**Q** 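Got a structure for you, written out below as structure tokens; questions coming shortly.
Please read all numbers here as calculations on a predicted model, not as lab measurements. In what follows, chains are A, B, ... by sequence order, proteins preceding strands, each numbered from 1.
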Amino acid sequence: MEFPFLDELNDSQRQAVIYTDGPSLVIAGAGSGKTRVLTYKIAYLLKMGMRPNTILALTFTNKAAKEMKSRIAQIVGENVARYLWMGTFHSIFSRILRAESEKTGYSKNFTIYDSADSKSLIKAIIKEMKLDDKVYKPGLIQSRISFAKNNLITPQAYASDSDVQKSDLYAKVPLLKEIYQIYSSRCKQADAMDFDDLLLQTNLLFRNHPDALQKYQHIFQFILVDEYQDTNFAQYLIVKKLAEAHKKICVVGDDAQSIYSFRGANIDNILQFKNTYPEAKVFKLERNYRSTKNIVNAANSLIDKNSAQIKKTIFSEKETGELIKVTNVFTDLEEGMYVADNIKLLNKKENYGHQDIAVLYRTNSQSRVIEEALRKQNIPYRIYGGLSFYQRKEIKDVIAYFRLVANRNDEEALKRIINYPARGIGDTTVGKLFATAQLHGVGVWDVLNDMLGYNLPVNAGTAAKLANFRDIIDSYAALITELNAYELAQNIIKGTGILSETFLDRSPENLSKQENIQELLKAIHEFCDEKEKNGEANLYLSDYLAEISLLTDQDTDKGESNRVTLMTVHAAKGLEFKVVFIVGMEEELFPSPFNVDNERDLEEERRLFYVAITRAEERCLISYARSRFRNGKTNFSNPSRFLKDIDERYLDIPKDETILDKPKLTGNWDDEVNLERMRFNKQQPTISFQKEETEYIPVRPKRLAKLPKGDNSKVTTQNPSVPVGAFVKHSIFGIGKVLETSIVNGNEKAEIDFGEKGVKSLLLKFAKLEILQ
DNA sequence: TGACCGCGTCTTTTT
DNA sequence: GACGCGGTCA
């Protein structure tokens with residue numbers, strides 16, 4: 001056969017691969033070999049004679065693009081695969097926007113603002129407009145602007161759209177249109193685009209410059225889109241316009257795994273694909289190759305509770321496998337111990353390697369307890385998400401220097417480093433600088449270049465400091481095409497004193513900062529080497545910045561082996577593990593309390609749970625805790641409503657527990673005691689307790705010691721006269737619990753939680769404490 | 001101006 | 001618990 005690789009596909013997969021006559025939609029159930037279909041389809045197109053640089057393949061993450069590319073390279077060879085247009089929407093279209101810069105009003109080297117930058121700018125604008133940031137919450141404003149952009153509503157359209165205005169009025173933020181307007185012009189002034197701009201500006205480019213649209217329609221003879229269920233309107237329209245000329249488009253996705261609506265993704269894009277392309281062929285991949293029957297069936301029974309979906313029957317031909325084990329524990333700490341213990345067992349008794357195991361959770365903040373439990377048992381793990389390498393302060397600082405050198409209009413970068421390391425330019429001065437720039441409608445850098453001309457109201461000393469800063473940046477900027485990225489980066493790091501800043505003391509923080517900065521330099525070095533090896537000319541600092549601004553730490557995965565993976569369910573999309581722990585299956589956590597008010601959001605949470613379960617190949621273990629320490633407080637919770645959505649035939653539920661509703665315990669006066677009662681209650685189910693029992697019940701410390709919470713690894717005193725976990729009585733504050741003890745200037749100090757009176761920090765030699773037994 | 005402290009807030013997911 | 005903010009003090 002001409003295409004031997006097609007033999008590796010099943011019937012429906014092969015149909016999907018070889019259909020290339022017009023638009024097609026591939027509904028790819030979880031684990032149905034979606035990536036395989038995409039890679040083989042591209043390989044097929046290439047084997048059929050298409051040139052690689054006429055194929056556009058859009059993925060959701062850089063990592064997915066990279067992986068797909070290397071798999072294609074294995075079939076057709078590296079020097080063919082490398083010419084494919086393959087990447088995320090954001091990276092592909094930022095490239096196009098740079099190439100078409102003379103049409104966009106931005107420069108070729110525009111900066112990309114990450115969400116922290118854009119939030120900071122929004123904050124600044126709110127402040128300048130003298131609005132109340134309790135009403136105009138930066139986060140809220142940011143998401144509304146983002147929503148507007150994703151729906152291609154420009155500031156002008158925003159202000160004149162009566163529906164939008166009504167909505168803003170209803171949300172009590174009527175001035176949002178002005179913030180949006182100013183935000184846009186400030187980004188423009190700074191020659192910066194945020195993530196959403198990359199899509200919005202691409203659309204504007206294609207709308208305002210039909211010649212540019214035609215050019216790319218011609219270039220992209222075949223378009224493939226992965227994870228189509230997670231595209232938003234802006235992405236939908238880009239794809240639609242590009243495909244208009246030839247209709248050679250293939251989108252792949254699974255409506256059941258649409259989990260990014262908070263980012264503007266619109267599940268209707270996939271549900272309505274047939275409306276956009278009436279002639280489209282639909283292929284369904286329904287055989288799941290990943291998971292056991294029990295896992296697939298459990299997931300099916302769950303997703304069946306959703307109403308908005310494309311009908312399909314996912315089935316598995318693998319063995320029945322284990323039931324999904326549902327476990328309840330008392331506290332989040334116990335949940336961590338439960339996970340760690342079971343990983344140990346799986347590792348020792350069942351021969352699962354650590355790399356076969358993942359722990360998935362709804363929110364990043366849940367990783368902490370799991371992490372601690374694993375560390376205690378010496379189980380190697382790797383956490384994804386949380387703050388990435390590029391979000392660390394020292395890295396952001398260094399990159400801000402790079403950014404400012406590459407683009408002196410980058411005001412967010414300037415704000416970050418104008419006084420770092422400290423050079424005597426304080427908030428007041430910075431405020432004046434920005435105010436003057438606004439007053440004259442120019443950029444901050446223009447003001448710095450002519451402080452007298454713009455009447456910057458600062459004294460001579462401050463002006464000199466500003467001029468000095470300006471000259472430093474200018475001197476590096478002059479070298480931007482003289483030195484390669486690595487040489488210039490080294491110069492900047494050494495010359496500006498950011499590195500010596502970390503040499504001030506040998507604290508662990510500073511050591512880790514040094515390491516991170518070295519790590520960054522190493523990465524830049526590799527970047528230059530790579531470019532040089534390929535004979536590419538774009539090895540300057542601006543080129544480096546263009547490349548990294550869209551990277552996330554998933555993409556810089558070193559793939560360390562034999563570690564347990566810890567990540568959010570979102571981050572796990574597209575991955576698979578032999579064993580999956582899903583932790584924190586509780587109401588008010590999963591589903592997230594933000595998404596329970598309407599059916600649409602709730603269905604997305606359910607899909608998220610579906611994604612979590614379908615990551616598992618062989619075992620899936622779900623747990624929930626009755627109490628969880630969150631936001632500095634112990635909260636009580638009920639099992640997630642989603643547990644009831646799974647057909648019980650596929651679950652292994654503990655006998656003494658039911659996942660049906662239980663009356664919620666309200667910890668109105670002492671959660672800790674409530675918890676103790678609950679444990680007590682569970683041990684002796686015949687004894688019940690009444691709520692009116694509000695009198696304080698002293699609990700013996702030794703009993704608390706059994707609680708993981710009583711773990712006193714944090715105690716810094718050798719022999720504290722008041723043990724951590726003990727209950728004490730204070731003449732004024734009443735009864736409290738000792739949280740922590742330490743020695744301060746030779747005096748014993750204790751952190752004591754007095755419930756409603758708050759947590760107090762007391763010196764024991766003054767506080768007369770009575771220890772309760 | 002900068003360091004520090006105490007207070008209140010707020011918490012989803014990410015290109 | 002983490003962070004940001006505002007106020008205070010040197």
Side-chain angles (χ1 to χ4, degrees), chain A residues 58-65 87-94 112-116 118-120 123 127 133-134 137-140 142-143 146 149-150 193-199 227 230-232 234-235 258-265 332 360-366 368-369 384-388 390-391 393 419-431 461-462 465 549-555 567-573 584 588-596 601 604-605 607-609 611-612 628-635 714 739-740 751 758-761:
Chain A
L58 297 164
T59 60
F60 192 67
T61 61
N62 294 301
K63 193 179 164 199
T88 60
F89 273 89
H90 292 85
S91 68
I92 294 284
F93 294 109
S94 69
I112 296 175
Y113 274 177
D114 66 16
S115 33
S118 77
K119 195 170 191 170
S120 148
K123 258 189 195 164
K127 206 167 184 178
D133 63 2
K134 300 280 181 317
K137 292 181 186 157
L140 175 86
Q142 188 179 28
S143 73
S146 170
K149 289 185 175 183
N150 284 327
M193 296 200 198
D194 64 18
F195 289 139
D196 303 316
D197 279 326
L198 297 174
L199 305 175
E227 308 281 11
D230 286 322
T231 51
N232 60 35
Q235 292 166 321
S258 161
I259 53 173
Y260 281 97
S261 75
F262 68 92
R263 229 172 71 190
D332 47 349
L360 308 183
Y361 33 79
R362 180 64 181 83
T363 65
N364 275 310
S365 58
Q366 288 166 259
R368 205 191 157 94
V369 265
Y384 291 77
L387 105 144
S388 82
Y390 295 105
Q391 288 168 343
K393 187 189 171 299
N419 198 32
Y420 177 83
R423 45 173 76 86
I425 303 170
D427 289 345
T428 323
T429 309
V430 175
T462 307
K465 287 173 188 161
S549 47
L550 291 167
L551 283 190
T552 60
D553 70 314
Q554 302 243 348
D555 305 317
M567 55 170 52
T568 63
V569 183
H570 280 89
K573 197 176 75 159
E588 265 139 88
L589 186 60
F590 201 169
S592 156
F594 296 96
N595 289 339
V596 293
D601 289 345
E604 175 148 322
E605 291 283 318
R607 289 193 293 271
L608 192 57
F609 188 28
V611 168
R628 179 171 297 277
F629 193 74
R630 271 210 292 170
N631 313 333
K633 274 171 61 190
T634 305
N635 292 306
K714 278 186 187 156
L739 300 176
E740 199 178 337
E751 296 279 327
V759 176
K760 311 281 175 192
S761 182

**Q** Rounded to the Å, how far apart are A:K149 NZ and B:dT15 C1'?
**A** 14 Å
**Q** Starting from C1' on B:dT15, measure out to NE2 on A:H90 and report it in whole angstrom.
**A** 4 Å
**Q** Starting at the 5' end of DNA chain B and moving along, which residue's nearest nucleotide shows up first, A:G424 or A:E604?
**A** A:G424
**Q** Checking A:K393 against A:Y420: charged group under 6.0 Å from the ring centre and within 45 degrees of the axis?
**A** yes
**Q** Kindly give the heavy-atom pair with the smallest separation between A:A65 and A:G87, and that separation in Å.
**A** CB-CA, 3.7 Å
**Q** Examine C:dG4: is either OP1 or OP2 under 4.0 Å from a nitrogen or oxygen in the side chain of A:K123? Give yes or no.
**A** no
**Q** Could A:D194 and A:K149 be called an ion pair, given the rule that one side-chain N must be under 4.0 Å from one carboxylate O?
**A** yes
**Q** Parallel, tilted or perpendicular for A:F60 and A:Y260, by the 30°/60° rule?
**A** tilted
**Q** Nearest whole Å is fine: how far is B:dT15 P from A:L550 CG?
**A** 10 Å
**Q** Rounded off to whole Å, could you give me the CZ-to-P distance for the A:F590 and B:dT13 pair?
**A** 12 Å
**Q** Can you tell me if A:S118 and A:Q142 form a side-chain donor-acceptor pair at under 3.5 Å?
**A** yes
**Q** Is any side-chain N or O of A:T429 closer than 4.0 Å to OP1 or OP2 of B:dT1?
**A** yes
**Q** For B:dT15, take OP1 and OP2 only and decide whether either is under 4.0 Å from a side-chain N or O of A:N150.
**A** no
**Q** Taking atom CG of A:L608 and atom CG of A:L360, what is their separation to the nearest 0.5 Å?
**A** 9.5 Å
**Q** Any base atoms under 4.0 Å from A:N419, or only sugar-phosphate, or nothing? Heavy atoms, all strands.
**A** sugar-phosphate
**Q** Does a side-chain N or O from A:R368 land closer than 4.0 Å to OP1 or OP2 of C:dA2, or not?
**A** yes
**Q** Distances under 3.5 Å between protein N/O atoms and the N/O atoms of nucleotides 5-11 of chain B, please, pair by pair.
**A**
unit_1 : atom_1 : unit_2 : atom_2 : d
B:dT11 : N3     : A:N631 : OD1    : 2.5
B:dT11 : O4     : A:N631 : OD1    : 3.0
B:dT11 : O4     : A:N631 : ND2    : 2.8

**Q** Which is true for A:T428 with a 4.0 Å heavy-atom rule: it touches a base, it touches only sugar-phosphate, or it touches nothing?
**A** sugar-phosphate
**Q** Would you indicate which nucleotide in C:dG6, B:dT13, C:dG1 comes nearest to any side-chain atom of A:K127?
**A** C:dG6
**Q** Could you tell me if A:T88 and A:S91 have a donor-acceptor pair between their side chains, going purely by distance under 3.5 Å?
**A** yes
**Q** So, is A:N364 near the phosphate of B:dT13, with a side-chain N or O under 4.0 Å from OP1 or OP2?
**A** yes
**Q** Classify A:F89 by what it touches in the nucleic acid, base, sugar-phosphate, or nothing, heavy-atom distance under 4.0 Å.
**A** nothing
**Q** Roughly, in whole Å, what's the span from CG in A:L140 to P in B:dT12?
**A** 13 Å
**Q** Within this structure, what is the CG-to-P distance between A:N232 and B:dT15, rounded to whole angstrom?
**A** 14 Å
**Q** Sticking with atom C1', work out how far B:dT12 lies from C:dC5, rounded to a whole angstrom.
**A** 24 Å
**Q** If the cut-off is 4.0 Å, is A:S365 near the phosphate of C:dG1, judged by side-chain N/O to OP1 or OP2?
**A** no
**Q** Answer yes or no: does a side-chain N or O of A:T568 lie under 4.0 Å from OP1 or OP2 of B:dT14?
**A** yes
**Q** Measure the OG-CZ distance between A:S143 and A:R263 for me, rounded to the nearest 0.5 Å.
**A** 14.0 Å
**Q** Tell me whether A:R630 is salt-bridged to A:E588, with the criterion being a basic N under 4.0 Å from an acidic carboxylate O.
**A** no
**Q** Quick test of the criterion, 5.5 Å between centres and less than 30° between planes. Is A:Y260 stacked on B:dT13 or not?
**A** no
**Q** Of the options B:dT15, B:dT13, C:dG1, whose atoms approach the side-chain atoms of A:T363 most closely?
**A** B:dT13
**Q** Using atom CG of A:N635 as one end and atom C1' of C:dG1 as the other, report the distance to the nearest whole Å.
**A** 13 Å
**Q** Using heavy atoms to find the nearest nucleotide of DNA chain B for A:I425 and A:H570 separately, return the residue whose nucleotide is more 5′.
**A** A:I425
**Q** Rounding to an integer number of Å, can you tell me how far A:N595 CG sits from B:dT12 P?
**A** 10 Å
